[in-house]
Participant: 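Encoded as structure tokens, here's the structure I'll be asking about.
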Amino acid sequence: MENILDGKKLAEQMKASLKDKIAKLPYSIRLAVVMVEGNSASQIYVDNKIKACKALGIECNLYTFSATTDENEVANILQNLAEDRKVHGILLQLPLPKHMNKDKLLKLIPAEKDVDGFSGENIGELCLKGLRGNAFIPCTPLGILELLRSNQIEISGKNVVVVGRSNIVGKPMAMLLLTEGATVTICHKLTKNLAQFTRQADILIVAVGKRNLIDADMVKEGVVIVDVGINRMEDGKICGDVHFESVQKKAKAITPVPGGVGPMTIAMLLYNTYQAAKQQEERV
Ligand code: NAD
């Protein structure tokens with residue numbers, strides 16, 4: 001369909017181009033993935049990331065801990081990986097069990113290996129300079145920006161509403177759009193009368209995790225919709241936060257779920273890992 005923002009297709013193109021570049025490198029790229037069990041979705045996400053790395057020729061080492069592991073054990077492996085010169089990127093899969101201090105563990109990943117872009121240093125650089133800085137930008141916001149740009153969707157001067165304020169999607173997304181010249185409004189679970197804001201959006205980005213949160217009545221004609229949400233339906237299939245069928249009729253462009261933001265997120269993780277390896281290996 002004409003107004004679909006096809007993340008799957010763009011991600012495939014980006015991965016093919018990255019694969020060619022990686023094949024020409026005189027060194028191998030290595031990503032370490034650290035996962036603590038206890039979240040059923042995490043295993044699926046991690047499997048997908050590992051599969052994608054392998055397909056591109058990126059070596060991937062998985063370190064899995066049981067849900068009751070002591071935090072110090074995870075800290076030890078992160079410290080070792082931080083010092084290991086053969087490891088270019090480190091990914092700590094979130095969420096972690098409640099007894100672990102996420103912020104403390106994330107701080108053990110050096111900014112130059114933080115391919116998820118979650119560290120304070122990378123987020124700070126993103127806020128200051130956006131795409132023009134040296135930051136690793138969180139994969140989902142970076143993927144969304146790439147999807148909009150490759151579909152010639154103007155951002156500068158537009159009213160963009162971001163629903164969701166998490167550190168991994170909503171907040172970095174809003175900062176990135178701001179540095180690209182958008183007028184950004186951030187809504188969240190305490191926002192009163194959400195529709196009053198979403199109806200103003202030229203571009204509406206929804207990252208909440210609630211099926212059918214946004215319906216056709218909440219958007220204006222000609223809006224561009226980016227649906228980040230992943231929700232599992234009764235039949236096991238996944239859907240986003242936006243009521244796709246009704247909203248698509250009003251939208252100028254819309255991302256499907258699946259096949260929109262998800263594949264772009266993975267493509268950007270691979271891109272960030274490639275960049276991390278290049279920076280570390282080609283440093284003079
Ligand atoms: P999160 O739970 O950390 O944040 C959810 C946000 O939604 C919060 O800021 C909260 O204030 C807001 N919120 C909750 N209820 C709301 C309401 N009724 N109205 C407005 N705002 C509300 O989640 P997250 O990690 O940011 O992820 C959000 C969704 O995106 C999830 O479904 C997640 O699975 C999905 N996700 C998808 C990808 C992808 O690659 N496609 C990547 C990351 C996250």
Side-chain angles (χ1 to χ4, degrees), residues 4-8 10-12 14-15 33 39-49 51-52 91-96 98 102-103 106 115-118 123 136-148 160-177 184-201 204-215 217-219 225-233 236-244 254-272:
I4 298 290
L5 297 171
D6 190 341
K8 193 169 174 219
L10 181 59
E12 288 307 328
M14 295 188 69
K15 287 194 288 185
V33 180
N39 182 289
S40 54
S42 286
Q43 186 69 57
I44 301 169
Y45 295 146
V46 164
D47 289 347
N48 286 339
K49 289 172 190 173
K51 209 167 107 191
L91 200 154
L92 177 62
Q93 184 66 34
L94 302 178
L96 295 171
K98 285 202 169 63
K102 175 187 75 172
D103 296 330
L106 282 174
V115 288
D116 258 339
F118 293 166
I123 293 286
F136 286 117
I137 293 170
C139 304
T140 302
L142 185 59
I144 291 170
L145 204 67
E146 201 51 50
L147 193 56
L148 293 175
V160 183
V161 176
V162 179
V163 188
R165 58 168 172 180
S166 73
N167 288 339
I168 62 170
V169 188
K171 264 191 234 169
M173 184 78 252
M175 292 315 296
L176 205 50
L177 291 161
V184 184
T185 305
I186 309 174
C187 300
H188 47 82
K189 67 174 173 235
L190 302 176
T191 301
K192 294 193 178 77
N193 195 353
L194 181 63
Q196 166 198 319
F197 296 97
T198 57
R199 282 193 202 112
Q200 304 300 318
L204 176 62
I205 300 181
V206 192
V208 171
K210 277 202 170 74
R211 187 179 172 193
N212 295 338
L213 179 71
I214 305 294
D215 62 29
D217 194 37
M218 296 171 75
V219 300
I225 302 271
V226 177
D227 190 352
V228 186
I230 300 177
N231 306 291
R232 204 158 283 280
M233 296 187 283
K237 291 190 182 141
I238 65 162
C239 69
D241 293 343
V242 176
H243 188 270
F244 185 86
I254 182 167
T255 59
V257 179
V261 176
M264 290 303 294
T265 297
I266 300 251
M268 291 304 154
L269 171 68
L270 301 166
Y271 171 77
N272 279 353

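FYI, the numbering just counts along the sequence from 1. Read the numbers this way: they start at 1 and go in the same order the structure lists the ligands and their atoms.
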Participant: At under 4.0 Å between heavy atoms, is it the side chain or the backbone of D241 that contacts ligand 1, or both, or neither?
Facilitator: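 Within the 4.0 Å criterion, D241 makes no contact with ligand 1.
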
Participant: Suppose we measure from atom 4 (O) of ligand 1 to each protein heavy atom; which comes out shortest, and what is that distance?
Facilitator: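 Checked against all protein heavy atoms, atom 4 (O) of ligand 1 sits closest to S166 CB, 3.8 Å.
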
Participant: Counting only heavy atoms, which portion of K210 has something under 4.0 Å from ligand 1: side chain, backbone, both, or neither?
Facilitator: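 For K210, the contact with ligand 1 is made by the side chain alone.
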
Participant: Which part of V257 is near ligand 1, with near meaning a heavy atom under 4.0 Å away: side chain, backbone, both or neither?
Facilitator: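 Neither part.
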
Participant: Is T265 close to ligand 1, meaning an N/O of one under 3.5 Å from an N/O of the other?
Facilitator: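 Such a contact does occur with ligand 1.
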
Participant: Just to be sure I read this right, does ligand 1 sit under 4.0 Å from the backbone of L190, its side chain, both, or neither, counting only heavy atoms?
Facilitator: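 None of L190 does.
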
Participant: State, yes or no, whether a side-chain contact exists between V162 and V184 at a heavy-atom distance under 4.5 Å.
Facilitator: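 The answer is yes; the side chains approach within 4.5 Å.
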
Participant: Under 4.0 Å from ligand 1, counting heavy atoms only, is it the side chain of V228, its backbone, both or neither?
Facilitator: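 V228 to ligand 1: contacts from backbone and side chain alike.
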
Participant: If you measure from each heavy atom of G170 to ligand 1, is any distance below 4.0 Å?
Facilitator: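 No heavy atom of G170 comes that close to ligand 1.
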
Participant: Could you tell me the residue and atom name of the protein heavy atom closest to atom 2 (O) of ligand 1, and the distance to it rounded to 0.1 Å?
Facilitator: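 Nearest neighbour among protein heavy atoms for atom 2 (O) of ligand 1, to 0.1 Å: V208 O, 4.4 Å.
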
Participant: For ligand 1, is there an N or O atom under 3.5 Å from any N or O atom of K189?
Facilitator: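 K189 vs ligand 1: N/O contact under 3.5 Å present.
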
Participant: Decide yes or no for P256 and I4: does some side-chain heavy atom of the first lie under 4.5 Å from some side-chain heavy atom of the second?
Facilitator: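 Contact flag for P256/I4 side chains = yes.
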
Participant: Nearest protein heavy-atom contact for atom 31 (C) of ligand 1: which residue, which atom, what distance?
Facilitator: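 Answer, as residue, atom name and distance: G209 CA, 3.8 Å.
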
Participant: Closest non-hydrogen protein atom to atom 43 (C) of ligand 1, residue and atom name please, with distance?
Facilitator: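 Nearest protein contact, heavy atoms only, for atom 43 (C) of ligand 1 is V169 CG2, 3.7 Å.
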
Participant: Considering non-hydrogen atoms of the protein only, which is the closest contact for atom 25 (O) of ligand 1, and what is the distance?
Facilitator: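 Checking every protein heavy atom, the shortest distance to atom 25 (O) of ligand 1 gives I168 CD1, 3.5 Å.
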
Participant: Note the single closest protein heavy atom to atom 9 (O) of ligand 1, along with its residue, its atom name and the distance in Å.
Facilitator: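 Result for atom 9 (O) of ligand 1: R165 N, 2.8 Å.
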
Participant: Can you find a heavy atom in the side chain of H243 that is under 4.5 Å from one in the side chain of R211?
Facilitator: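 No - every pair of side-chain heavy atoms lies 4.5 Å or more apart.
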
Participant: Does any part of the side chain of L148, heavy atoms only, come nearer than 4.5 Å to the side chain of V226, both counted from C-beta?
Facilitator: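 They are in side-chain contact.
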
Participant: What do you reckon, does C187 have a nitrogen or oxygen under 3.5 Å from a nitrogen or oxygen of ligand 1?
Facilitator: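 Checking ligand 1 against C187, no N or O pair falls under 3.5 Å apart.
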
Participant: What atoms of ligand 1 come closer than 4.0 angstrom to any heavy atom of G164?
Facilitator: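 Listed by number with element, the hits are 6 (C), 7 (O), 9 (O).
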
Participant: Name the closest protein heavy atom to atom 18 (N) of ligand 1, giving the residue it belongs to and the distance to 0.1 Å.
Facilitator: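 Protein heavy atom at minimum distance: L213 CD1, 3.8 Å.
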
Participant: Among V261, T140, V206, whose side-chain contact (heavy atoms from CB on, under 4.5 Å) with V169 holds?
Facilitator: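 The residue from V261, T140, V206 that satisfies side-chain contact (heavy atoms from CB on, under 4.5 Å) with V169 turns out to be T140.
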
Participant: Please list the nearest protein heavy atom to atom 33 (C) of ligand 1 with its residue and the distance rounded to 0.1 Å.
Facilitator: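 The closest heavy atom on the protein side is I230 N, 4.3 Å.
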
Participant: Do V33 and K49 touch side chain to side chain, with heavy atoms closer than 4.5 Å?
Facilitator: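 Side-chain contact under 4.5 Å: no.
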
Participant: Hey, is T140 touching ligand 1 through its side chain, its backbone, both or neither, going by heavy atoms under 4.0 Å?
Facilitator: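 The answer is the side chain.
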
Participant: My understanding is that only one of I225, V242, I254 makes a side-chain contact (heavy atoms from CB on, under 4.5 Å) with V219; could you say which?
Facilitator: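 Filter result, single survivor: I225.
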
Participant: Counting heavy atoms not belonging to F118, are there more than 12 under 6.0 Å from its CZ?
Facilitator: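 Yes.
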
Participant: I want to check something: taking the side chain as every heavy atom from C-beta on, are I144 and M173 in contact at a cut-off of under 4.5 Å?
Facilitator: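 Side chain of I144 against side chain of M173, heavy atoms only: contact under 4.5 Å found.
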
Participant: For the residue pair I205 and L177, establish whether any side-chain heavy-atom pair is separated by less than 4.5 Å.
Facilitator: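 The answer is yes, as the side chains (C-beta and beyond) meet within the 4.5 Å cut-off.
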
Participant: Is it true that atom NZ of K15 has more than 12 heavy atoms of other residues, nucleotides or ligands lying nearer than 6.0 Å?
Facilitator: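 Yes, the 6.0 Å shell around NZ holds more than 12 heavy atoms from other groups.
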
